[in-house]
Novice: 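So that we are looking at the same thing, I have put the structure below in structure tokens.
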Amino acid sequence: MAPSGSGLTSLTRGLGGPRSWPGARRCPRALLNQQFHSPGTRVPATTGACQSGQLDGSHRPDHRRMRQSRHVGRTLREAPKDAQTAAHSLMLRAGYIQQVSAGVYSYLPLLHRTLNKIANIIREEMTRAGSEELLMPALQPRELWEESGRWERYTAVDGIMFAFKDRRGSTSCLGPTHEEVVTDILRREINSYKDLPKCVFQIQTKFRDEIRPRFGLMRAREFIMKDAYSFDADDAGLEASYEAMRQAYHRICQRVGYKYRAVEADSGAIGGSGSSEFMVLADTGEETVLFCDQCDYAANQEKGESGLEQFEQDAEPAAMEEVFGEGLIGVVPLARFLKIPVWKTTKTMIYEADDQTVAVMVRGDCDVNEIKVTNFLGCKSLKLATPERIKELTGAEVGYAGPIGLPVEVRVIADHGVNGRVNFECGANKTNYHNINVNFGRDLPLPEFGDFKLAKEGDGCPHCAGNLQAARGIEIGHIFKLGTKYSAAMNCTFLDSNGKTQTAVMGCYGIGVTRMAAAWIEQNHDDKGILWSPQIAPYQVHLTPLNLEDDHIRAEADALYERLQKEGIEVLYDDRAIRAGEKFGDADLLGMPIRLTMSKRTVEAGNVEFKLRTEPKPDLLPVEDAIARIKAICDR
RNA sequence: CGGAGCGUAGCUCAGCCCGGUAGAGCGCCAGCUUUGGGAGCUGGAUGCCGCAGGUUCAAAUCCUGUCGCUCCGACCA
């Protein structure tokens, strides 16, 4: 359940302000999301020490403070050139991360605090939802993965898993996920239906040998995630467990404060019967989210369904005709040349699916959704045929493939959208030629129909009369109904009330801790730096006194520093004797939600300057008032 | 996996074509001045020019190999 990649990557670059989502105001689900806050979900003002590389929740009062003169994580005025996105660049500039190798980062102290806070929110919500924390090994034996049948796929086929031999010659891997280990644990634990349900989670470092690590923590080879696994006696139990986790994920997203959406998703390599992704909305997101402008429907584009505009058809079939049109590749020029609407054209894409060749037809105004095709065929790999192979199969250059006259071994499947048309166009399998006035039944047999098109913005909603809108999203969480895929393969069974052996029904629930931090920054920054929310900021208050060469002011600042800690407020104290510009520049970059400034001016007036990171201007307040405001903000 | 680019000071980069004792800005150190949004002046430190071979009187520069990092990638039919 690592937030997995898709091929849909198109990034807008550069720094930008926080983005709002155009559809949010009108979307009932967005309102629901916002209203989901419940009382009693206060974030503890604590962070934990790190043990064995994991984020734990131990509470250390002395972790409420830091003098910046002693802090590790210097800021950089210029961004290292490798940074491609705002979050990556800002994390490097702010001294939150350092790259160790491709896709591998050290989490420096300030980020470590944020990761702990995110982990604690997750921990609390998992516990609230009835899940129990444990910790499984990152180092796992090959045998378990062979038992589930995933070894080959994860190593040789996809190569996503780090695997190696130890000194005795046995093969191990670094876990990208933990279905195997957890199923092994639970199959020793469960004997009876009375032992169910069970749900466990862990917060742990995971490893994926990404083809292309990118964007800092967004797509790293080593990262921290929370994964949970539920075991139930039957499908109804799974539904309940899944629903509890879904609610917990909503609470996590709301407590952190994201603008986000939960969407229907493809289950991908993990398998299973249903899944939802939690998407943080940001223009630089790698995923495309489709959502209805009238109802609650929302889906990842990978999974999304849609209706197409229907047009009036010709009354009578006309005679099929082969038309010469030189170099007409692309449906728009083709339609213009043939003087037909684009919806009458047909794209026929030739794929190699494992060892069979498949032609996929979609209406000319649509594209193929390769994930839908892969799922339909049940194949492991799906690749567009090479130009040479297309020539061999169709006898034509790329661009003129059509369903008529293909070799018999080519399996033809077609999106529903190509059906129901009278007198449509398709390629003639002859360079520079297209067939027009083609009709199913008469000119060619009916192909296998299915949903194979890529849903897109502007298409009709599959559930109501609304239209789909699109937004970019960062997948931070993905929850799955696994069913019995792993429990059956690994013999995780129990006796039901009739004494009959049954297989446990599983769900798995992942959320990326390090990615959540990156996604937050991607969604919440300006041209000066990060804008943390009080819930996950490394410190709630950044104390930035000026004129520290003045002993009186230093004493006042030290006193305020102590006072804030006594009040239970986390404070980063910039006790460095640097100039105002540098001090404020660093404060903006680091992004603590509240800045407190003392100087000659404020001390003489008995005030302190209180500034929210999100507001341009500060307020001058008596210290007591400032403390009250801080508490009000942080306790909210 | 395929293609391309880049490894020179802590950071950003110039120098490489056309071989001849290593450069700039920022940062760092010292002193003076300055002191509410990255200040000024003066002086100073800092480099296995990724690594290994080769060519040459001489290599950051040319050649070969290697390691690392980054970017791009199936004419959407």
Side-chain angles (χ1 to χ4, degrees), chain A residues 7 9-11 13 74-84 88-89 92-93 95 98-104 157-159 211-216 325 327-334 342 345-352 359-370 381-391 393-394 396-403 406 425-434 452-454 456 528-529 544-550 553 576-589 595 597-603 609 611 616 618 620:
Chain A
T9 303
S10 162
L11 292 171
R13 299 195 172 185
R74 66 181 308 119
T75 56
L76 303 174
R77 209 153 161 187
E78 290 171 279
K81 62 179 172 185
D82 292 347
Q84 303 294 315
H88 188 195
S89 174
L92 287 165
R93 280 186 57 211
Q98 271 185 22
Q99 182 167 352
V100 176
S101 70
V104 179
V157 179
D158 290 346
I211 297 167
R212 271 187 66 194
R214 262 188 286 197
F215 313 136
L328 287 170
I329 295 180
V331 294
V332 172
L334 175 65
V342 171
T345 67
T346 308
K347 291 175 183 170
T348 306
M349 310 286 287
I350 312 280
Y351 287 92
E352 304 284 0
V360 184
M361 299 171 68
V362 293
R363 217 168 81 174
D365 53 341
C366 299
D367 290 313
V368 173
N369 181 328
E370 296 183 1
S381 87
L382 184 77
K383 290 178 182 168
L384 278 170
T386 61
E388 299 75 48
R389 178 74 177 138
I390 287 171
K391 181 97 191 232
L393 289 163
T394 68
E397 299 299 321
V398 170
Y400 305 95
L406 287 173
E425 173 281 344
C426 55
N429 293 323
K430 192 170 163 189
T431 300
N432 294 330
Y433 285 88
H434 300 266
F452 303 126
K453 72 174 188 302
L454 190 70
K456 60 184 183 299
K528 294 196 181 80
T544 58
L546 305 174
N547 315 119
L548 279 175
E549 69 288 349
D550 182 323
I553 293 172
R576 300 172 301 170
I578 55 173
R579 303 174 68 81
E582 188 173 357
K583 193 162 279 201
F584 292 150
D586 272 359
D588 289 340
L589 177 59
R595 192 183 82 193
T597 300
M598 306 179 86
S599 68
K600 279 177 193 155
R601 296 177 197 171
T602 66
V603 168
E609 187 177 294
K611 182 182 173 298
L620 278 174

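Every chain is numbered from 1 and lettered A, B, ... according to where its sequence line falls, protein lines coming before strand lines. This one's a predicted model, so the numbers in the text were calculated from it and none came from an experiment.
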Novice: Rounded to the nearest angstrom, tell me the gap between atom CD1 in A:Ile211 and atom C1' in B:C71.
Specialist: 15 Å
Novice: Could you tell me the Watson-Crick or G-U partner of B:U21, where both distances fall under 3.5 Å? Say none if there is no partner.
Specialist: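 Check on B:U21: unpaired, no WC or wobble geometry under 3.5 Å.
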Novice: If you look at every strand shown and take non-hydrogen atoms under 4.0 Å, does A:Val362 touch a base, only sugar-phosphate, or nothing?
Specialist: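 The answer is nothing, as A:Val362 stays clear of every strand by at least 4.0 Å.
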Novice: For A:Lys611, give me all partners under salt bridge (Lys or Arg N to Asp or Glu O under 4.0 Å), at least two apart in sequence or on another chain.
Specialist: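 A:Lys611 satisfies salt bridge (Lys or Arg N to Asp or Glu O under 4.0 Å) with no other residue.
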Novice: Taking only N and O in the side chain of A:Gln99, is any of them less than 4.0 Å away from OP1 or OP2 of B:G68?
Specialist: no
Novice: Under 4.0 Å between any heavy atoms, over every strand shown, what does A:Tyr400 touch: base, sugar-phosphate, or nothing? Just pick one.
Specialist: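 A:Tyr400: no heavy atom of the nucleic acid under 4.0 Å.
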Novice: Could you check which nucleotide pairs with B:C28 in any of the strands shown, counting Watson-Crick or G-U wobble with both distances under 3.5 Å?
Specialist: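 The answer is B:G44, by the H-bond criterion.
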Novice: Contact class for A:Gly402 vs. all strands (heavy atom < 4.0 Å): base, sugar-phosphate, or nothing?
Specialist: nothing
Novice: Can you work out whether A:Thr386 or A:Gly364 has the more 5'-proximal nearest nucleotide on RNA chain B?
Specialist: A:Thr386
Novice: NA contact type, A:Thr394, heavy-atom cut-off 4.0 Å: base, sugar-phosphate, or nothing?
Specialist: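 No contact.
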Novice: In whole angstrom, give the distance that lies between atom CD of A:Glu370 and atom P of B:A77.
Specialist: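 The distance from CD of A:Glu370 to P of B:A77 comes to 13 Å, rounded to the nearest Å.
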Novice: If you assign each of A:Leu384 and A:Pro618 to its closest nucleotide in RNA chain B, which residue comes earlier from the 5' end?
Specialist: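 Closest to the 5' end, via its nearest nucleotide, is A:Pro618.
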Novice: Under a 3.5 Å cut-off for both contacts, is B:U56 paired Watson-Crick or G-U wobble with anything, and if yes, with which nucleotide?
Specialist: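 Answer to the pairing question: none, since B:U56 forms no Watson-Crick or G-U pair.
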Novice: Determine the Euclidean distance between corresponding C1' atoms of B:A9 and B:A24; express it in Å to zero decimal places.
Specialist: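 Pairwise C1' distance, B:A24 against B:A9, rounds to 11 Å.
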Novice: Find the distance A:Ile350:CD1 to B:A74:P and express it as a whole number of Å.
Specialist: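 After rounding, the gap between these two atoms is 18 Å.
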Novice: Between B:C49 and B:G3, how many Å separate the two P atoms, rounded to a whole number?
Specialist: 30 Å
Novice: In whole Å, what separates the C1' atom of B:C29 from that of B:U46?
Specialist: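 10 Å, rounded to whole Å.
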Novice: Report which part of the nucleic acid A:Arg576 touches: base, sugar-phosphate, or nothing (heavy-atom distance under 4.0 Å, all strands).
Specialist: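 Nothing, no heavy atom under 4.0 Å.
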Novice: Which whole number of Å gives the distance between the P atom of B:U61 and that of B:C1?
Specialist: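 Approximately 28 Å lies between the P atom of B:U61 and that of B:C1.
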Novice: What's the closest nucleotide to the A:Gln84 side chain, out of B:G37, B:C75, B:U70?
Specialist: B:U70
Novice: I need the CG-C1' distance between A:Asp367 and B:C75, as an integer number of Å.
Specialist: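 Computing the A:Asp367:CG to B:C75:C1' distance gives 14 Å.
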Novice: Taking atom P in both B:C62 and B:A45, what distance in whole Å separates the two?
Specialist: 31 Å
Novice: Between the side chain of A:Thr431 and the main-chain N/O of A:Glu397, is any donor-acceptor distance below 3.5 Å?
Specialist: yes
Novice: Between B:G37 atom P and A:Lys611 atom NZ, what is the distance in whole Å?
Specialist: 14 Å
Novice: With A:Phe584, which residues qualify under ring-ring contact (aromatic ring centres under 6.0 Å, His included), at least two apart?
Specialist: none
Novice: Can you tell me how far NZ of A:Lys347 sits from CG of A:Asp365, rounded to the nearest 0.5 angstrom?
Specialist: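 Result: 8.0 Å between the selected atoms.
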Novice: How far does the P atom of B:A60 sit from the matching atom of B:G23, given to the nearest Å?
Specialist: 13 Å
Novice: My understanding is that a pair needs two contacts under 3.5 Å, Watson-Crick or G-U wobble. By that rule, which nucleotide pairs with B:U61?
Specialist: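 Across all strands, not a single nucleotide pairs with B:U61.
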Novice: Heavy atoms under 4.0 Å, any strand shown: does A:Thr602 hit a base, just sugar-phosphate, or nothing?
Specialist: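 If one applies the 4.0 Å heavy-atom cut-off, A:Thr602 turns out to touch a base.
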Novice: Taking any heavy-atom pair under 4.0 Å as a contact, classify A:Gly585: base, sugar-phosphate, or nothing.
Specialist: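 The answer is base, as A:Gly585 lies within the cut-off (heavy atoms under 4.0 Å) of a base atom.
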Novice: A:Tyr351: what forms a ring-ring contact (aromatic ring centres under 6.0 Å, His included) with it, not counting sequence neighbours?
Specialist: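 If we apply the ring-ring contact (aromatic ring centres under 6.0 Å, His included) test to A:Tyr351, skipping adjacent residues, there are no hits.
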Novice: Can you tell me whether the side chain of A:Arg212 and the base of B:G3 have a donor-acceptor pair closer than 3.5 Å?
Specialist: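 Such a pair does not exist between side chain and base.
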Novice: With both distances under 3.5 Å as the test, what is the Watson-Crick or G-U wobble partner of B:U66?
Specialist: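 Base partner found: B:G50.
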Novice: When you compare the side chain of A:Tyr400 with that of A:Lys430, does any pair of heavy atoms fall below 4.5 Å?
Specialist: no
Novice: When the distance from CG of A:Asn429 to C1' of B:A77 is rounded to whole Å, what number comes out?
Specialist: 10 Å
Novice: Quick one: A:Glu388 CD to B:A74 P, roughly how many Å, whole number?
Specialist: 15 Å
Novice: A:Glu609 versus A:Leu620: any side-chain heavy-atom pair under 4.5 Å?
Specialist: yes
Novice: Nearest-Å distance, CZ (A:Arg214) to P (B:C71)?
Specialist: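 Taking CZ of A:Arg214 and P of B:C71, I get 8 Å after rounding.
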Novice: Does some side-chain heavy atom of A:Arg576 sit less than 4.5 Å from a side-chain heavy atom of A:Asp586?
Specialist: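 The answer is yes; the side chains approach within 4.5 Å.
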Novice: Polar pairs (N or O, both sides) under 3.5 Å between protein and nucleotides 24-32 of chain B?
Specialist:
unit_1: B:G25; atom_1: N2; unit_2: A:Glu78; atom_2: OE1; d: 3.1

Novice: Need the pair for B:C1. Rule: Watson-Crick or G-U wobble, both distances under 3.5 Å, any strand; none if unpaired.
Specialist: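 When the pairing criteria are applied, B:G73 turns out to be the nucleotide that pairs with B:C1.
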Novice: Would you indicate what A:Lys81 reaches in the nucleic acid, counting non-hydrogen atoms under 4.0 angstrom: base, sugar-phosphate, or nothing?
Specialist: sugar-phosphate
Novice: Just to verify, what does A:Ala359 make a side-chain contact (heavy atoms from CB on, under 4.5 Å) with, not counting sequence neighbours?
Specialist: A:Thr348, A:Ile350, A:Leu406, A:Val410, A:Val412
Novice: Please report the distance separating the P of B:U56 from the corresponding atom of B:C72, rounded so that it comes out in whole Å.
Specialist: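 Comparing P positions in B:U56 and B:C72 gives a spacing of 42 Å.
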Novice: Taking the same atom, P, in B:G53 and in B:A39, what whole-Å distance lies between them?
Specialist: 45 Å
Novice: Taking side-chain contact (heavy atoms from CB on, under 4.5 Å) as the definition, give me every residue that meets it alongside A:Arg77, ordered by chain and number, with sequence neighbours left out.
Specialist: none
